Each structure stands twice: as structure tokens, then as C-alpha cells.
Student: 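I have a structure I would like to understand better, so I am pasting it below and will then ask my questions one at a time.
Below, all heavy atoms of this structure are taken into account, side chains as well, without hydrogens, waters or symmetry copies. Heads up: numbering here begins at 1 and tracks the sequence. None of these values were measured; they are calculated from a predicted model.
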Amino acid sequence: MKTQNNFYFSILILFLLLLLTSCAFSPMQKNTPVNDESRTVYYEPSYITLDRAEMITNADVILVGEVKSISPTQWNQDSGEYWEDVYEGVTDVGEKLNTSFSAWPVHFIQLSVQERIVDEIGVGKELTLTILGKSPLIGTGSEQADGITVEGEAGTPGTLKVGDRIIVFVVQTELAWRDPNQPIKFLTNEDGATYFDYGKRVIFDFISMPANSYLVDGKDGLYYSVPEATIQEEPLSLDQFILKVSEKRETLVVP
């Protein structure tokens with residue numbers, strides 16, 4: 001992991017996590033608890049948009065990989081099951097709290113690592129990304145996940161397919177992750193701000209919004225921005241891409 005030269009990026013990631021947290025507990029996630037058979041969750045994560053130069057500079061890992069698998073939508077605990085918890089307690093000033101929490105949808109993208117261009121972590125032959133939001137296996141519309149209907153845009157573009165060869169920008173970060181053996185805690189940080197903690201998990205994730213965070217091999221020797229990307233750039237060969245990266249930081253391969 002990088003240190004002081006990436007302080008600004010750490011602030012961006014913190015802001016991203018705050019956005020994701022506010023998204024998860026804002027009206028953007030709506031439960032309709034008529035009964036267990038008709039529960040619907042609408043979820044749409046928010047992202048900070050980084051341009052290509054910022055992604056090159058700040059990614060923990062930049063690699064070429066083949067998509068080996070894409071999981072269905074699951075929920076943020078090890079079992080993948082939907083969950084709800086309630087915290088009942090008091091604040092530091094004696095006020096009673098009764099706060100409910102519910103699961104976040106996630107999915108996983110498993111990559112076979114073909115070539116590491118930048119690696120600040122030391123990844124192996126495979127890397128699994130944990131992505132907040134609905135799986136691209138369904139795309140837009142509704143999907144059933146553990147008996148719960150999930151609506152909204154997919155977290156990863158539906159154009160991504162198993163077998164795709166991609167260049168991907170990755171960060172190592174943390175995601176709220178329920179631990180059924182850990183009770184929810186109401187904590188106060190050093191700045192005096194209060195927050196709830198029900199566990200977290202270290203994950204590998206796209207550095208920015210998923211559609212902007214990878215390029216796809218067009219089978220013609222060039223790598224392309226995906227149609228859903230908000231930043232569209234000219235396609236590049238792998239050698240051209242590595243050269244661009246080497247202009248901003250040290251690479252593991254010689255351009």
C-alpha cells in the first residue's frame with residue numbers, strides 16, 4: 001500500500017465509503033416489508049469518478065486478467081444470505097437508540113491474472129473483486145437474491161462476460177460486512193463523531209465506478225472503454241497502455 005504520496009487518494013476513498021454508507025441507509029435503498037415473499041430492495045451505489053490519469057497514479061494493482069466467473073447477487077456476510085439486525089442501546093448522553101440495519105447487495109468477479117503491470121500488494125495467480133451492487137448477470141430490472149427482489153442498475157456493466165480479457169484498476173479497501181458473531185456497536189471516533197460498526201471486510205474493488213475502471217480486449221490487439229463508461233478514450237494496445245502507465249509510476253513490465 002502506498003503512503004504519504006497517496007494521502008489525497010485515501011481521502012477520496014474515505015469519501016467513497018461515506019457515500020456508499022449514506023447510500024445504503026438513504027432512500028436509495030428501500031425495503032418493502034409486506035411479507036417475506038414480497039420483500040423488495042432498491043439499491044444504487046454512488047461512486048467518485050476518477051479520470052484515467054488518476055486511476056493510473058492511485059491504483060494499488062493494475063493488471064491484465066481473464067474473467068473466470070461472475071457471481072449472482074449475494075448479501076454482505078460470509079453466508080451470502082439476506083440479513084436484518086436491530087441495535088438497541090443508549091448514546092453517550094443517555095438517549096435511547098433503536099436503529100435497524102439491513103443487508104447490502106454484493107457480487108464477486110473472479111479474475112485469472114495474466115500480467116501484472118503495477119502491484120503494490122502482491123496478488124497471486126487469481127484475484128477476486130468484491131463489488132457493491134447488483135450482479136451484471138441480470139442487468140437492469142429485478143433479480144431474486146436469497147428470496148429478496150433486488151431492483152436497480154447492476155453494479156458492474158452487463159456487457160462484462162466470462163472469458164473477457166480486461167485491463168483493470170484495483171484498490172484494496174474495506175467494506176461493511178456483517179459478522180453474526182459480533183454485536184452491533186455504537187462507537188465514537190477520535191474526532192467525536194459517532195458511528196455504528198457491525199463488522200468489515202478487507203476487499204479488492206474497482207478503483208472508481210466499475211464501468212470506468214477496466215478496459216476490454218477487442219480481439220484486434222486493442223483495449224477499449226466499455227460502452228457504459230462515462231470516460232471514453234481512444235483504444236490502446238497493451239504496449240501503448242503500459243507506456244502510459246510507466247510515464248506516471250514504476251511498472252513491473254518494461255514498455
Side-chain angles (χ1 to χ4, degrees), residues 1 3 6-36 38-48 60 71 73-108 128-135 145-153 155 171-210:
M1 299 290 286
T3 54
N6 279 334
F7 174 77
Y8 175 68
F9 180 65
S10 297
I11 296 299
L12 288 178
I13 290 299
L14 175 60
F15 182 49
L16 171 59
L17 291 174
L18 291 174
L19 278 175
L20 295 178
T21 301
S22 65
C23 169
F25 298 108
S26 74
M28 297 177 73
Q29 179 179 350
K30 300 176 182 178
N31 291 347
T32 309
V34 178
N35 54 56
D36 289 343
S38 62
R39 179 71 56 85
T40 299
V41 172
Y42 177 83
Y43 198 95
E44 183 179 350
S46 300
Y47 302 96
I48 291 174
D60 291 324
S71 79
T73 303
Q74 301 175 40
W75 303 97
N76 61 327
Q77 66 172 334
D78 288 350
S79 68
E81 297 175 342
Y82 184 79
W83 59 269
E84 291 183 347
D85 276 335
V86 175
Y87 173 84
E88 295 179 343
V90 295
T91 68
D92 295 339
V93 295
E95 296 177 339
K96 290 185 177 181
L97 282 179
N98 191 319
T99 306
S100 61
F101 299 86
S102 58
W104 299 0
V106 297
H107 60 278
F108 306 99
T128 299
L129 304 178
T130 302
I131 313 300
L132 191 63
K134 196 173 64 171
S135 170
D146 195 33
I148 308 297
T149 300
V150 188
E151 294 187 348
E153 295 289 333
V171 288
Q172 186 179 48
T173 184
E174 292 181 336
L175 181 65
W177 200 262
R178 178 179 182 257
D179 182 350
N181 297 314
Q182 173 185 307
I184 299 172
K185 300 175 183 178
F186 183 69
L187 303 175
T188 303
N189 65 20
E190 295 178 354
D191 298 328
T194 56
Y195 64 99
F196 290 97
D197 177 24
Y198 55 81
K200 50 186 172 288
R201 180 181 186 180
V202 176
I203 64 167
F204 294 104
D205 195 0
F206 290 123
I207 190 173
S208 182
M209 65 177 296

Student: Hey, could you give me the CD/CZ distance between E84 and R178, rounded to the nearest 0.5 Å?
Tutor: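 One finds 10.0 Å between CD of E84 and CZ of R178.
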
Student: Report yes or no: does S208 contribute a side-chain atom to a donor-acceptor pair with the main-chain N or O of I48 at less than 3.5 Å?
Tutor: yes

Student: Using 0.5 Å steps for rounding, measure from the NZ atom of K96 to the CD atom of E88.
Tutor: 10.0 Å

Student: Using 0.5 Å steps for rounding, measure from the CZ atom of F196 to the CZ atom of F101.
Tutor: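 Atom-to-atom, F196:CZ and F101:CZ are 4.5 Å apart.
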
Student: Any side-chain heavy-atom pair from Q77 and P180 closer than 4.5 angstrom?
Tutor: yes

Student: Determine whether Y43 and L132 satisfy the following criterion, side chain to side chain contact (heavy atoms under 4.5 Å, CB included), listing intermediate values before the conclusion.
Tutor: CA-CA 10 Å; Y43 198 95; L132 191 63; 3.5 Å; yes

Student: Taking C-beta and beyond as the side chain, do F108 and Q74 meet within less than 4.5 Å on heavy atoms?
Tutor: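 A side-chain contact under 4.5 Å exists here.
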
Student: Passes side chain to side chain contact (heavy atoms under 4.5 Å, CB included), D205 versus I131? Steps please.
Tutor: CA-CA 6 Å; D205 195 0; I131 313 300; 3.2 Å; yes

Student: To check you understand the geometry: which heavy-atom pair defines the closest contact between W75 and A103, and what is its length?
Tutor: CE3-CB, 3.4 Å

Student: Under a 4.5 Å cut-off applied to non-hydrogen side-chain atoms, are W104 and L175 in contact?
Tutor: yes

Student: Using side-chain heavy atoms (C-beta onward) and a distance below 4.5 Å, is D85 in contact with Y198?
Tutor: no

Student: Whether the side chain of D60 engages the backbone of Q172 through a donor-acceptor N/O pair (distance < 3.5 Å, no angle test) should be reported.
Tutor: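 Pair found, side chain donor or acceptor close to backbone of Q172.
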
Student: Could you check whether any side-chain heavy atom of D78 comes within less than 4.5 Å of a side-chain heavy atom of R201, counting everything from C-beta outward?
Tutor: yes

Student: Only one of Y82, W177, W83 forms a side chain to side chain donor-acceptor pair (under 3.5 Å) with N76, so which one is it?
Tutor: W83

Student: How many angstroms lie between atom OG1 of T173 and atom CZ of F204, to the nearest 0.5 angstrom?
Tutor: 11.0 Å

Student: Measure across V150 and K134 and return the closest heavy-atom pair with its distance rounded to 0.1 Å.
Tutor: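 What the structure gives for the nearest pair is O-CD, 3.8 Å.
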
Student: Using modelled atom types and a 3.5 Å cut-off, is there a donor and acceptor pairing between side-chain atoms of N189 and backbone atoms of D191?
Tutor: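 Yes.
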
Student: Looking only at heavy atoms, what is the nearest atom pair of G155 and P210, with distance?
Tutor: O-CG, 2.9 Å

Student: For S71, does its backbone N or O pair with a side-chain atom of S135 as donor and acceptor, under 3.5 Å?
Tutor: yes

